[in-house]
**Student:** 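Got a structure for you, questions after.
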Amino acid sequence: KAGVTQTPRYLIKTRGQQVTLSCSPISGHRSVSWYQQTPGQGLQFLFEYFSETQRNKGNFPGRFSGRQFSNSRSEMNVSTLELGDSALYLCASSSDSHLYEQYFGPGTRLTVT
Amino acid sequence: AQSVAQPEDQVNVAEGNPLTVKCTYSVSGNPYLFWYVQYPNRGLQFLLKYITGDNLVKGSYGFEAEFNKSQTSFHLKKPSALVSDSALYFCAVRDMGRERQLTFGSGTQLTVLP
């Protein structure tokens with residue numbers, strides 16, 4: 001099976017812009033979670049989607065949003081980018097039978113200048 | 001609330017020696033526990049998990065971890081380290097029935113010296 005894929009792998013944006021990141025889960029996986037990884041804060045949970053519904057949300061401002069499509073692909077959007085949003089954004093998928101055994105994609109490295 | 005502590009930012013070990021990466025957790029209920037590894041410019045890779053059952057869990061690449069409820073620990077171990085084991089290791093916990101997401105530790109950089 002192909003693994004979790006994320007596009008783009010690298011992105012450079014300017015403060016104030018918005019950005020959309022994409023994640024395609026492993027085939028058959030309906031749960032997709034997003035994480036932000038920074039040197040200072042480590043890995044922080046953003047949100048989780050299951051069958052197009054947001055099931056859980058971390059402690060991030062409303063500028064961070066996401067959605068999931070009927071084919072389980074997911075996108076996350078960050079509006080009004082700030083310098084502190086520079087991070088590695090990781091997507092993870094899991095199957096219904098092993099819901100908390102997450103498989104991660106390679107991440108999208110976002111740099112905000 | 002659930003939390004995870006990895007008390008060592010950096011662990012160095014000689015190739016061929018046993019390695020231990022420490023993890024302690026805090027939950028109100030029963031824990032699901034996980035170890036992940038991250039190589040440079042890569043996402044996290046699942047190593048092993050404890051859900052229930054035997055306290056000694058065996059995972060990928062010869063790694064194992066021991067669940068100790070009284071000490072609330074889940075240390076990662078390997079009998080003989082390889083240079084290729086050098087990477088960033090994360091412990092994660094989920095409080096069964098109370099939390100829906102994983103909480104990760106701050107990570108431990110393991111360096112295996114040739």
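The chains referred to below are lettered A, B, ... by the order of the sequence lines, with proteins before strands, and numbering in each begins at 1.
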**Student:** Kindly check if the number of other-residue, nucleotide or ligand heavy atoms within 6.0 Å of CD1 (A/Ile12) is above 12?
**Tutor:** no

**Student:** Evaluate the side-chain proximity of A/Phe45 to B/Phe104: yes if any heavy-atom separation is below 4.5 Å, no if none is.
**Tutor:** no

**Student:** Listing request: all salt bridge (Lys or Arg N to Asp or Glu O under 4.0 Å) pairs with a residue in residues 3-28 of chain B, at least two apart in sequence or in separate chains.
**Tutor:** none

**Student:** Would you find more than 12 non-hydrogen atoms of other residues, nucleotides or ligands less than 6.0 Å from B/Tyr61 atom OH?
**Tutor:** no

**Student:** Determine the interplanar angle of the B/Phe46 and A/Tyr103 rings, folded into 0 to 90°, and report it as parallel if under 30°, tilted if 30 to 60°, perpendicular if over 60°.
**Tutor:** tilted

**Student:** State, with a plain yes or no, whether a side-chain heavy atom of B/Leu102 is found less than 4.5 Å away from one of A/Tyr35.
**Tutor:** yes

**Student:** Does atom CZ of B/Arg42 have more than 12 heavy-atom neighbours, drawn from other residues, nucleotides or ligands, at distances under 6.0 Å?
**Tutor:** no

**Student:** Would you call B/Gln101 and A/Glu48 a side-chain contact if the rule is heavy atoms closer than 4.5 Å?
**Tutor:** no

**Student:** So how far is it from A/Gln102 CD to B/Gln45 CD, rounded to the nearest 0.5 Å?
**Tutor:** 14.5 Å

**Student:** Taking the side chain as every heavy atom from C-beta outward, state whether B/Gln38 and A/Gln37 have any pair of such atoms under 4.5 Å apart.
**Tutor:** yes

**Student:** Inspect the surroundings of CG in A/Asn71 and state if more than 12 heavy atoms from other residues, nucleotides or ligands are less than 6.0 Å away.
**Tutor:** yes

**Student:** For chain B, which of A/Pro106, A/Ala92, A/Gly107, A/Gly42 has the most heavy-atom pairs under 4.5 Å?
**Tutor:** A/Pro106

**Student:** Decide if atom CZ of A/Arg63 counts as having more than 12 heavy atoms of other residues, nucleotides or ligands within a radius under 6.0 Å.
**Tutor:** yes

**Student:** So do the side chains of B/Thr103 and A/Leu43 get within less than 4.5 Å of each other, counting heavy atoms only?
**Tutor:** no

